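Since the structure is predicted, the reported quantities are computational estimates derived from the model, not experimental observations. Every chain is numbered from 1 and lettered A, B, ... according to where its sequence line falls, protein lines coming before strand lines.
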There are 2 protein chains.
Amino acid sequence: MADVAARAGVTKQTVSNVVSGKKVRPETLAKVNKAIAELGYKPNLVARSLRTGSTSTVGLFVPSVANAFYSEVVEEVENLLVGRGYNLLLATTRDDPDYTRAHLENLTARSVDALLVAGDNGVEQQLPMLAEANFPVALFAWEGDPPTTLPVVSIDYQHAGFLAGSYLRDLGHRNVAVIADLPAHTPRIVGLRRAFAADGLDERMVFACTSDDAAGGFAAAGAALEADPELTAIFATHDVLAVGAIEAVVRSGRRVPDDVSVVGFDDIAQVGRIRPALTTVTFPKREMAQQAVELLLRAVDSGRPPTNVVSLLRPTLTIRDSSGPARRDRSAPGTA
Amino acid sequence: MADVAARAGVTKQTVSNVVSGKKVRPETLAKVNKAIAELGYKPNLVARSLRTGSTSTVGLFVPSVANAFYSEVVEEVENLLVGRGYNLLLATTRDDPDYTRAHLENLTARSVDALLVAGDNGVEQQLPMLAEANFPVALFAWEGDPPTTLPVVSIDYQHAGFLAGSYLRDLGHRNVAVIADLPAHTPRIVGLRRAFAADGLDERMVFACTSDDAAGGFAAAGAALEADPELTAIFATHDVLAVGAIEAVVRSGRRVPDDVSVVGFDDIAQVGRIRPALTTVTFPKREMAQQAVELLLRAVDSGRPPTNVVSLLRPTLTIRDSSGPARRDRSAPGTA
DNA sequence: ATGAAAGCGCTAACAT
DNA sequence: ATGTTAGCGCTTTCAT
């Protein structure tokens, strides 16, 4: 910068004014721009950040990006941030609190202006401290109990589960299995069970998945079918598990949805086009990302802490081809 | 930091030594740590970066994160970077050169120590300049012609297409359609066509997708089936399109693979568990990410420019349930 | 509209 | 092992 100033015959300050688009006489502007071009000058953003105290970067914590739900969220957040002139520093939590805590220290040491945290991850204890230190934080897609001192944008997971449960119940399903990411997804299951309150939903029919991918859903659904061959419906606590569950049902010689209905959760992009197209609880991801980013950046821009609000978006049920009325007969299903 | 020093009765330098784990007398260490704890001191990473010239952050450009191929790559890169003490600054290119260029300016102005760029994106012209300015850059998953001055880790896309083509040809397929993301995926198609060299592969049977999601694949495959009802195989230039293609084939009353074989590209996680499980070209994503990160960080750590190498990993064909021998009879397919 | 001076918080280099 | 000095590159404040 000093070099540019010298070459243009002005001071650093004038160069700074040119770079940041302040009022400069056209004549001076030309001189300075010429010098900038000749020297290939690029302002050092780190120095600017040190001086201004702002990095124009927002940190985002997600459990994983490989998970389609979160990758769609990340995409949306990145777009929103860039649109408002911020960069995205991405960190995965891997559901590992120690690891996450270490990363948290890093980012909040002035590397980022604010923090967006998706999904419960065992660092709930640390987060309120940040808020107290006047560091803007917003939570979203939070299924457990979030700290009360921080703003949250999420959905009512219990209600979402209730939506799926009511639907299955109204279709006449009584023998329902749940395959689940436990314990994280417990609220969805509680909601589902509430829909069956009168009839009960056998607690033994909740199967924890060993892995949170399609293979895990496949295995858990297989176990469920073995435990109760009269099963007429499977609720998967997220879509990827549901994809594996459909496969398991078909492999067992049953049909979806004729013999067994399968309902998922999240409505990730792919499941609308698989066969059979998946009936699932649609999570308004984009709207959630928008609200969370909006909330956070408003705080950053104004220099005040974010509004402490719990904003619950409404999930909906998207009915496709993987679900239908419960089979009436109790005979063994077959290829007959 | 000055406050901590004052409170501990030492100088800033000593505090700095404590924070960065240098040799300090146990006695002093205790005093300083006490002061740090009492004041809740956290080092300012921006100031450190200004001084040391290093941000411990690597920028990653990908076309999109919502795309499963790239989200798997991002996940892997993030894990590798964190393992080596670096943060990840993520930027999507959206295949928009202007947008990407702007973002590039940003990141290279000392916000990141190095840059990893995945997927052709129209900024090839800008990248060599960075290398000249001694800024470490590595390219990967690059299908077009990369700048010769920059290191690349990728696969031989033509050969990968050839793999798929040879397989289909050996199974007796002669009426093959291609549904594609054009023009980006041309090399894969060239390779596929090479496998059919003797017999020719009708150029009119290449269908560009209007969108790069399953819906685009669905539409393109539908058009292909209409253009040639005697089709026995469809090659999709990436897996997500293939998922849509399978759906289109089934909707047309044909069976996969009995009437029409479908082969994809990338081997993203989901396609091993859909029904039918997809035959696809397996892209060694993890290995690619590892090599690229390794190459780049070695350069950063040593302070020298990265080795200018073109490293081509070997793709393989993963045969699952969506492909089989070509139908012999030329009668119209049916549900008969 | 431009110049001069000061300092953001840290670490490198040298001195002790 | 610790203290002293200087400066990374920028912006803010005040003066002109």
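Residue B:T52 places none of its side-chain N or O atoms closer than 4.0 Å to OP1 or OP2 of C:dT11. Between B:K22 and C:dA12 there is a side-chain N or O to OP1 or OP2 distance below 4.0 Å. Note on B:T28: every side-chain N or O is 4.0 Å or more away from OP1 and OP2 of D:dA1. For C:dA1, neither phosphate oxygen OP1 nor OP2 lies less than 4.0 angstrom from any side-chain nitrogen or oxygen of A:R25. A sub-4.0 Å separation between OP1 or OP2 of C:dT2 and a side-chain N or O of A:T14 is absent.
Distance NZ (B:K12) to P (C:dG7): 12 Å, rounded to an integer number of Å. Atom CG in A:N17 sits roughly 11 Å away from atom C1' in D:dT12 (whole-Å rounding). Straight-line distance from the CZ atom of B:R51 to the C1' atom of C:dA13: 9 Å, rounded to whole Å. Between B:N44 atom CG and C:dC8 atom C1' the separation is 8 Å, expressed in whole Å. Summarising the geometry, the separation between NZ on A:K31 and P on C:dA1 is reported as 15 Å, rounded to the nearest angstrom.
Annotation: of the two residues near DNA chain D, B:A47 and B:G9, the 5′-most nearest-nucleotide partner is B:G9.
Computed from C1' positions of five pairs at each end, the angle between the two local axes of the helix from C:dA1-D:dT16 to C:dT16-D:dA1 equals 30°, rounded to 10 degrees.
Across all strands, B:T11 comes closer than 4.0 Å to base atoms (heavy-atom distances).
Remark: side-chain polar atoms of B:S20 are not paired, donor with acceptor, to backbone N or O of B:K22 under 3.5 angstrom.
Between the CG atom in B:N87 and the NE2 atom in A:H103 there is a gap of 4.5 Å [rounded to 0.5 Å].
Crowding of A:R101 atom CZ: a count of heavy atoms from other residues, nucleotides or ligands under 6.0 Å exceeding 12.
Checking C:dA12, C:dG9, C:dA1 against the side-chain heavy atoms of A:K23 singles out C:dA1 as nearest. Checking D:dG3, D:dG9, D:dT11 against every side-chain atom of B:V10, the shortest atom distance belongs to D:dG3. Here C:dT2 is the nucleotide among C:dT2, D:dA1, D:dT11 with the atom lying nearest to any side-chain atom of A:V24.
Here the closest heavy-atom approach between residue B:P43 and residue B:V19 is recorded as CG-CG1, 4.0 Å. Minimum interatomic distance between B:R110 and B:T55 (heavy atoms only, all atoms of both residues): O-CG2, 3.3 Å.
Between A:E75 and B:S64 there is a side-chain heavy-atom pair separated by less than 4.5 Å.
A:K31 is linked by a side chain to side chain donor-acceptor pair (under 3.5 Å) to nothing, counting only residues two or more places apart in sequence or in another chain.
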